[in-house]
Amino acid sequence: MSKQKPSIPSGTRDFGPVEVAKRNYIINIIRSVYELYGYQPLETPVMENLSTLMGKYGAEGDKLLFKILNSGDWAIELKKKINAASISQYNDLILVSEKGLRYDLTVPFARYVVMNQNEITFPFKRYQIQPVWRADRPQKGRYREFYQCDADVIGSNSLLNEIELIQIISDVFSKLNIHITIKLNNRKILNGIAEITGMPDRIIDITIAVDKYDKIGSDGVKEELKQKGFNDDSIKKIFEIILMHNERILFGGLAAKDSSNINNLNFLKSIDGYANSNIFQKGVEEMDYIFERENDLISNNVKIKFDITLARGLNYYTGTIFEVVSNDVKIGSILGGGRYDDLTGIFGLPNMSGVGISFGLDRIYDVLTELNLFPENAITVTTVLIIPFDTECENKAIEYATQLRRENISTEIYPDLQVKIGKKFKYADDKNIPFAIVIGSDELKNNLVSIKNMKSGEQKQLTIEELITELNNDIKSYSDFSE
RNA sequence: GUGAUUGUAGCUCAGCUGGUUAGAGCAUCUGAUUGUGGUUCAGAGGGUCGUGGGUUCGAGCCCCAUCAUUCACCCCA
C-alpha cells in the first residue's frame, strides 16, 4: 500500500486557529451590527431539495449546483431507463440525485419563510451567516466553499429598508476600517431602458452585457450585444442612454456638482421616452428617494455611487441593486444584494417583497489581509502557561490555574511532567503565550511562583495574589500596546 | 465548459544542450544547556522527481497520455 498524500478538494480551505480567530473578528462585527438594526438569526441545513434550488439562479446556476448522490441502488433504476432509451439529463436527474448543497442563503430563506409563514410576524428581518457551495472553477478570490453573511427583510415595500441596509454596510466597513464604494442601481431603470428601446423581453441579455462595462469597456459591451443578436440600431439606442449617462459619471468630474448622483438621475429624466415608461419613472423615483438621503447614510470611508452599468446576475432582483467594492484592493465585489418583489412566489406565497444584502466574508478576509488591517488583539491566545516540576507542584498548579481563570485570565498548564523544561518554554513561545509561570520545589516551599515575561525575558518571584494584580495590569498594557 | 500555467523533501524553490550517489533555505529532531524559550554552534532524519507509458547506452530534464495545481474566460461573493 502506497502512502497517499493528503489533500482537500480544490476551492476549499482549512482554517487554522489564527485564521478562525481572524474570521470570527469579522463575523462578530457583522453580527453585532445586524443585531443593532433588529435582524434576528436564522440557520438552515447545508443541503436542500434540488427542487428548491433548481431554476432559481438561471441555467448557469443549475450547472454550478453541487448535487448529492442518492442513497440506495440508483444504478439499477438508471440502467432500466437507459435500456428503455428514454434517459434525459434533466428529467431523470432525480433518479441519481434529489438533494444539493445550498448555492446561496437567499433561496433557503425564501423557502423557510413560505414554510413558516403562519408563525412569522412580518416584516421579517433575519440574518444568516453560513457557508455556501458553488461548483465553479476556483481562482483568485473565488472558492467553491465560502461564507455569506446575509441580512434580508421580507414583507415590506418600504425604501426605508434600503436606507437601513446602506447604513449597515457603512457601519460594518467603518468598523473594519476598509474604504469602499457602494454602487447602486435599480432594475426598474434597466427594465425601463429595455422598454423604451423596444426590447423589453431582452432585459437579462442587456443587463449581463452592461454589467461588464467596467471590465470590457463600451466596445466590449457592443461586441457582446452584437453576438447576442442585437442589431446595430438597438445597440445604438441602448448606448445613447447608458453610455451617455455613464460618461457623465466617469468623466463628468470636471464640474463636480454636475456629476452628483442626483444630477445623474435628473439626466435620465430628460431622456426621450422617459415620460412613456412607467417602470423607468418608478426606478428613477426610487433612486431619488435614496440619494436625497445619501448624506445621512455614509461615514467618511464610504463613497456611494449611482452606477447605471451595475446589473448583477441573479434574475430575481426587481428593484434596488447593491454592490460594494474595496477602493484599495482589486478582488471583485465584497458585498452584493438587492430587492426582489416575488422571491417566494415560486414557492406559493406571492406578493412578498424583500430586500437584502450579503457580505462576502472570504473576500473581506483577503482584503483585510492584503491591507494588514487585522488588529493584533483580534487573535485571542492563552495569557499564562503554568509549568510545574513534579506531582506536588502539579497540584499547586491546578489550584493557581483555577484562581487565574476566576480572574478571567486565560491559563493553561503544561501537562507532561517528563518533558524537558526547554521544550515547555518553546511551547509557550510557539503559541505566543506572553507569560510563563514555573512552580518547582523552591517556589512551593516559599509559597511563591516564578513568572517570566516571554517577550522581555525578565523573571521574578511573586505570591499568587501579587501575580494576579500584576497580570491584570500587564495584560492591560500588553493589549494597549498592541492596538 | 474554454484557454494557458505549474507539479522535485513537511513548506518555498534550485537543478546547465539529456550524463555517475538529485541540492539549498526554512521547518523538524538530537546535542552543546538534566530549572529556562526566542539568538548562536555542531550534527541527524526526511525523495520510487505527480502517475502511467514511450524515445535513448543513459530521463528530474525530451515525447504521449492521465491526474492534480494555479491563473484567466464564462459566471459570480
Side-chain angles (χ1 to χ4, degrees), chain A residues 2-12 26 30 57-65 102-106 129-150 204 207-209 211-212 215-216 220 224 227-228 310-315 322-326 330-338 356-367 385 387-390 393 414 417-444 449-459 461:
Chain A
S2 64
K3 256 189 306 193
Q4 80 167 65
K5 205 173 181 177
S7 63
I8 52 174
S10 68
T12 66
I26 302 170
I30 294 172
Y57 311 105
E60 281 298 315
D62 283 356
K63 283 189 213 154
L64 298 180
L65 285 170
R102 62 168 171 250
Y103 180 92
D104 72 358
L105 300 176
T106 309
I129 300 173
Q130 290 191 282
V132 303
W133 292 267
R134 294 182 191 177
D136 234 350
R137 282 277 180 90
Q139 54 185 277
K140 188 175 164 65
R142 166 160 331 167
Y143 308 99
R144 296 212 282 194
E145 176 184 61
F146 62 97
Y147 268 67
Q148 291 193 327
C149 311
D150 277 36
I204 291 178
T207 53
I208 287 175
D211 198 35
K212 294 177 193 160
K215 223 176 188 172
I216 60 181
E224 170 138 356
Q227 277 175 15
K228 291 245 164 89
L310 174 68
R312 299 195 50 74
L314 294 173
N315 331 350
F322 309 89
E323 192 161 286
V324 169
V325 292
S326 156
K330 276 212 156 114
I331 195 169
S333 59
I334 53 179
L335 175 142
I357 55 173
S358 181
F359 289 88
L361 172 64
D362 304 86
R363 286 187 179 173
I364 292 171
Y365 182 98
D366 291 346
V367 169
L385 177 72
I387 302 172
F389 266 92
D390 53 36
C393 301
Y414 196 94
L417 292 175
Q418 75 279 9
V419 171
K420 278 198 199 168
I421 185 92
K423 275 194 83 166
K424 294 173 178 167
F425 275 98
K426 190 164 157 38
Y427 174 85
D429 201 42
D430 287 344
K431 274 189 83 172
N432 247 319
I433 300 173
F435 300 99
I437 285 173
V438 175
I439 307 173
S441 48
D442 286 356
E443 287 87 353
L444 206 59
V449 298
S450 295
I451 174 156
K452 176 165 181 167
N453 180 323
M454 294 299 288
K455 233 174 197 170
S456 64
E458 172 199 3
Q459 189 165 340
Q461 295 204 326

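Within every chain, numbering begins at 1; the chains are lettered A, B, ... in the order of the sequence lines, protein sequences first and strands thereafter. In this text the structure is predicted, and so the values were computed from the model without any measurement.
B/G10 and B/C49 have their P atoms separated by 13 Å, given to the nearest Å. For the C1' atom pair drawn from B/U33 and B/C41, the interatomic distance equals 12 Å after rounding to whole Å. The separation of B/A24 from B/A14, taken at their C1' atoms, amounts to 7 Å, rounded to a whole angstrom. For B/G46 and B/U28, the C1' atoms lie 9 Å apart once the distance is rounded to whole Å.
Qualifying side-chain contact (heavy atoms from CB on, under 4.5 Å) partners for A/Q461, counting only residues two or more places apart in sequence or in other chains: A/E443, A/L448, A/S450. Applying the ring pair (Phe, Tyr, Trp, His ring centres under 6.0 Å) test to A/Y427 and every residue at least two apart in sequence or in another chain returns A/Y414. Residues passing the salt bridge (charged side-chain N to carboxylate O under 4.0 Å, His left out) test with A/D429: none are found, sequence neighbours excluded. A/K431 is linked by a salt bridge (charged side-chain N to carboxylate O under 4.0 Å, His left out) to A/E412, counting only residues two or more places apart in sequence or in another chain. Residues passing the side-chain contact (heavy atoms from CB on, under 4.5 Å) test with A/E458, sequence neighbours excluded: A/S456, A/K460. With sequence neighbours excluded, no residue satisfies salt bridge (charged side-chain N to carboxylate O under 4.0 Å, His left out) with A/D366. Residues forming a side-chain contact (heavy atoms from CB on, under 4.5 Å) with A/D390 (at least two apart in sequence, or on another chain): A/E392, A/C393. Contacts of A/Y365 classified as ring pair (Phe, Tyr, Trp, His ring centres under 6.0 Å), with partners at least two apart in sequence or in another chain: A/F374.
Every stem involving RNA chain B, taken as at least 3 paired positions in a row under the Watson-Crick or G-U wobble test at 3.5 Å, is listed here: B:1-4 with B:70-73, B:10-13 with B:23-26, B:28-32 with B:40-44, B:50-54 with B:62-66.
Contact of the A/F435 side chain with the A/N453 side chain is registered, since non-hydrogen atoms from C-beta on lie closer than 4.5 Å.
With A/R134 contributing its side chain and A/L64 its backbone, the two residues share no donor-acceptor pair below 3.5 Å.
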Requested in this report: Starting at the 5' end of nucleotides 28-38 of chain B, put B wherever the base has a protein heavy atom under 4.0 Å, S where only the sugar-phosphate does, and a dash everywhere else.
Outcome: S--S---BBBB
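To the nearest angstrom, P of B/G1 lies 16 Å from CG of A/D62. One interatomic measurement links the two molecules: CZ of A/R142 to P of B/A77, which rounds to 9 Å at whole-angstrom precision. Following rounding to the nearest Å, A/I334 (CD1) and B/C76 (C1') show an atom-to-atom distance of 15 Å. Distance A/R134 CZ to B/C75 C1': 10 Å, rounded to the nearest Å. Look at CZ on A/R363: it is 11 Å from C1' on B/C75, rounded to the nearest Å.
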Please enumerate all protein N or O atoms sitting under 3.5 Å from an N or O of nucleotides 2-4 of chain B, with distances to 0.1 Å.
from: B/U2; atom 1: O4; to: A/R137; atom 2: NH1; distance (Å): 2.5

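Evaluation of the salt bridge (charged side-chain N to carboxylate O under 4.0 Å, His left out) test over residues 141-150 of chain A, restricted to residues two or more places apart or in two chains, returns A/D136-A/R142.
Taking side-chain N and O atoms only, A/S10 has a distance below 4.0 Å to OP1 or OP2 of B/U69.
In terms of position on RNA chain B, the residue among A/I8 and A/Q139 whose nearest nucleotide sits closer to the 5' end is A/I8.
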